[in-house]
Amino acid sequence: MEVRYENITKQFGETPVLENLNLTIHDGEFLVLLGPSGCGKSTALRMLAGLEDPTSGEIYIGNQPVTDMEPKERDISMVFQSYALYPHMSVFENITYPLKIRKVSKAERKKQADRVAEILEIGNLLKRKPKELSGGQRQRVALGRSLIREPNVFLMDEPLSNLDAKLRVHMRGEIKRLHTELGITSVYVTHDQTEAMTMADRIAIMEGGHLQQLAAPNEIYNKPTNKYVGGFIGSPAMNFVKGRYKGKEDRLDFDVFDFPIDHEWREIFERELSGDDLYLGVRPEDVQVSTTPQPGAVKGEVYVVEPLGKEMITIVRVGDHTVMACIEPDVDIEMNQEVWLQFKNHKLHMFDGKTEAKVV
Amino acid sequence: MENAKTGMKAKRMREEIIRYTVLFIICLIVLFPIYWMVITSFKTQGELFHSTQTFFPQQFTLQYYLDPVDGVLTAGSPFLGFFFNSMIVASASTVICLVVGSLAAYSLARFEMRINKNDRLSFAILTARMLPPIVVIVPMYLIMQQLGLLNTYWAMLIVYTGFNLPFVVWMMKAFFQEIPKDLEESAMVDGDSRMKAFYKIVLPLVAPGLVATSIFTIILTWNEFLFAMFLLNSADMMTLPPGIATFITQYETNWGSLTAAATLAVVPVVIFSFIVQKHLVKGMTLGAVKG
Ligand SMILES: Nc1ncnc2c1ncn2[C@@H]1O[C@H](COP(=O)(O)OP(=O)(O)OP(=O)(O)O)[C@@H](O)[C@H]1O
Ligand SMILES: [Mg+2]
């Protein structure tokens, strides 16, 4: 079912947490809410579940306004960030509790529990109490309780945060598979961008109570709408170099190097830029490093080299700027060596110096 | 090495001995009056007034309990009436207190109410406990008289519920605050109404709290003397404390019946405490959330 946040504002006392959130989640979509800690992801989810009242605005599930509805009338399942397992019930009773409320027969409950337990690899834990489980096991039980039925919407609040790397990758796959099979609208909260990129149909990036960008993973990566999104997505993070627009001289001035621009770019800058200041954004993987002078390349000095096995991160100082580059692991460079940087032209991002919105 | 070990052992041994000795002395001080009461109720009349008192009945008698004329357990004895009245009043007021008090405590623990800003309402509730009962006893008498409730269970239920509720609310509030809010929220998302989530998820988890609170209220009402003394003056409505006091008259004190009645009065509280104490376990919420 389609989910719609319309002009949602949420304040706790005087503190605004979400401001005028407008967000439509399509029927059957897997939407990931991504943002730093404290940006209001859980709050947005809890309002959809009916656990928190918006200060103003309306939420729709399907075409029905649900803002005044009780949680149980919304037919939603949710994995809580804190797991919220029922301590006095066994794992089996925890997982099947939603079915028990719906008066599903014992045999059917057993069947469903076994199905879910197999997916989550917790079959051997069904008889235990939550306090006898490790953090990761508890988290999978919490996931199981949500996955056991087919609600209108799945809500998951960082459901994999406490699993080890291997299990996390595995569960990521399982959740995605399950979602494709069932086709139920899902909202998934995380601050792990790998999770977001791999699982999402679309990612909603939130920060400071505002929706920064809502788009498919590739678009978020390739066309960030502002400096924040550009810097938030991608690891290692995008390089930013502060500079000035020199329209009369057909160039961008970055102190230690210039960047020539053509007529077309000039037009865009004239139209879009609020002042003269701007940021050049370039991802480390779009920076080429060579040990010999190249035409149009920027000279710098290697500050640090960090080999990662499949690639190598090089931090290069160019005047006062620091530029990070991901390069082939077998390139032979050392600290303090002079290198020449080239930016892949079509992979450059320009952001307004004041509004930080994307210019080109 | 070996020496150090045995030294440690000896030290621990000494500590244990000291601890048990202290405990033993405390128990002796606490239990001796009760012991004296119990054995007194089995001594014959002659022994009771003998110049030398013994720690154990020389001649064991059940006459104060079973005497066909004035034994406390004989059908129609005033004691049985007192006992019955106490049972009704204590259990009914405890049940009312727990039901009303838990719901109130839950609301105070969970909801933000303007009236309860900075815990104002919670504090106001507590003030009811701050007055010593003796201060309100005369007004209370007059009120009950006007309402025509003197010598009724209703009077006692109203007073005891009124006086115990604040206590129940405060105790239960602390227990509810221990339970993570996420638990009932999760139950509500799973499909429960709030009331049902309260009943099926929260209440089982505060069971130890309910038990502890109920023991306190039962004991408080079971022991209450002052209000019962003033508000119940006909013998057939009296509860145990003023009832037992009637064995002490201007002319004589009927020690045998008095101690027999008092001994029996202790029994239900002891039994109740034994039954419920196993629910007094802590750590029920372990494993609910991440931590
Ligand atoms: N009940 C509350 N009362 C007051 N402030 C709250 C309450 N719940 C959340 N907040 C505040 O609202 C903001 C958003 O909280 P929220 O839990 O939605 O963040 P989040 O994005 O889920 O963060 P995280 O990734 O750490 O879980 C935070 O600054 C938090 O302090
Ligand atoms: Mg959160």
Side-chain angles (χ1 to χ4, degrees), chain A residues 12-13 42 45-46 48-52 70-91 93-104 128-139 141-142 145-146 148-149 151 153-155 157-158 161-162, chain B residues 102 106-107 109-120 172 174-212 276 278-291:
Chain A
F12 285 111
S42 295
L45 218 54
R46 289 168 52 80
L48 179 52
L51 300 173
E52 211 83 69
E70 291 291 312
K72 69 167 196 165
E73 299 169 302
R74 304 186 186 200
D75 194 15
I76 271 175
S77 85
M78 175 161 170
V79 183
F80 282 69
Q81 190 170 5
S82 65
Y83 315 157
L85 301 183
Y86 310 132
H88 55 307
M89 299 183 190
S90 68
V91 169
E93 289 166 322
N94 262 283
I95 294 185
T96 54
Y97 190 69
L99 301 183
K100 199 171 171 197
I101 292 174
R102 286 167 182 74
K103 305 209 159 54
V104 174
R128 296 211 200 155
K129 289 276 172 66
K131 68 164 176 254
E132 298 158 353
L133 302 177
S134 74
Q137 292 170 332
R138 287 180 200 171
Q139 192 157 38
V141 174
R145 189 174 58 192
S146 138
I148 200 155
R149 63 195 180 94
V153 189
F154 278 123
L155 305 182
D157 199 344
E158 308 195 16
S161 60
N162 216 352
Chain B
S102 300
Y106 180 70
S107 313
R110 283 294 192 258
F111 300 106
E112 274 190 25
M113 292 173 274
R114 200 174 311 156
I115 188 175
N116 193 29
K117 211 172 172 194
N118 304 328
D119 266 348
R120 256 187 277 164
M172 289 314 297
F175 281 105
F176 285 126
Q177 279 166 338
E178 295 264 301
I179 310 285
K181 211 167 109 196
D182 284 1
L183 293 188
E184 71 243 41
E185 288 181 343
S186 174
M188 279 155 62
V189 172
D190 282 346
D192 276 341
S193 62
R194 182 173 280 278
M195 221 32 220
K196 205 154 169 225
F198 172 77
Y199 183 74
K200 305 224 354 211
I201 305 294
V202 183
L203 221 47
L205 296 175
V206 294
L210 279 176
V211 167
V276 295
K278 73 163 187 281
H279 299 287
L280 268 176
V281 279
K282 280 187 189 157
M284 280 293 280
T285 58
L286 267 178
V289 290
K290 274 184 185 172

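Here is how names work: the chains are called A, B, and so on, in the same order as the sequence lines, proteins then strands, and each is numbered from 1.
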**Item:** Heavy-atom pair of closest approach, residues B:A187 and A:Y97
**Value:** CB-CE2, 4.2 Å
**Nearest heavy atoms of B:V189 and A:A49, plus distance in Å** = CG2-CB, 4.2 Å
**Item:** Taking every non-hydrogen atom, the tightest pair across A:K72 and B:S193
**Value:** CD-N, 3.8 Å
**Asked** CG of B:D182 to CZ of A:R46: how many Å apart, nearest 0.5 Å?
**Response** 6.5 Å
**Message:** Does B:K196 have more than 12 heavy atoms from other residues, nucleotides or ligands lying within 6.0 Å of its NZ?
**Reply:** yes
**Request:** Calculate, to the nearest 0.5 Å, the distance between atoms CG and CZ belonging to B:D190 and A:R102 respectively.
**Result:** 7.0 Å
**Message:** Counting only non-hydrogen atoms closer than 4.5 Å, does A:I76 touch chain B with its backbone (N, CA, C, O), its side chain (CB onward), both, or neither?
**Reply:** both
**Asked** For B:E185 and A:L51, which heavy atoms make the closest approach, and how far apart are they?
**Response** CB-CD2, 3.7 Å
**Item:** Shortest non-hydrogen contact between A:Y86 and B:L183, atoms and distance
**Value:** CE2-O, 3.5 Å
**Request:** Measure distances from B:A197 to the heavy atoms of chain A and classify the residue's part below 4.5 Å as side chain, backbone, both or neither.
**Result:** neither
**Message:** Under a 4.5 Å cutoff for heavy-atom pairs, which residue among A:M78, A:R145, A:M89 has the most contacts with chain B?
**Reply:** A:R145
**Item:** Atom group of A:R74 that falls short of 4.5 Å from chain B, counting heavy atoms
**Value:** neither
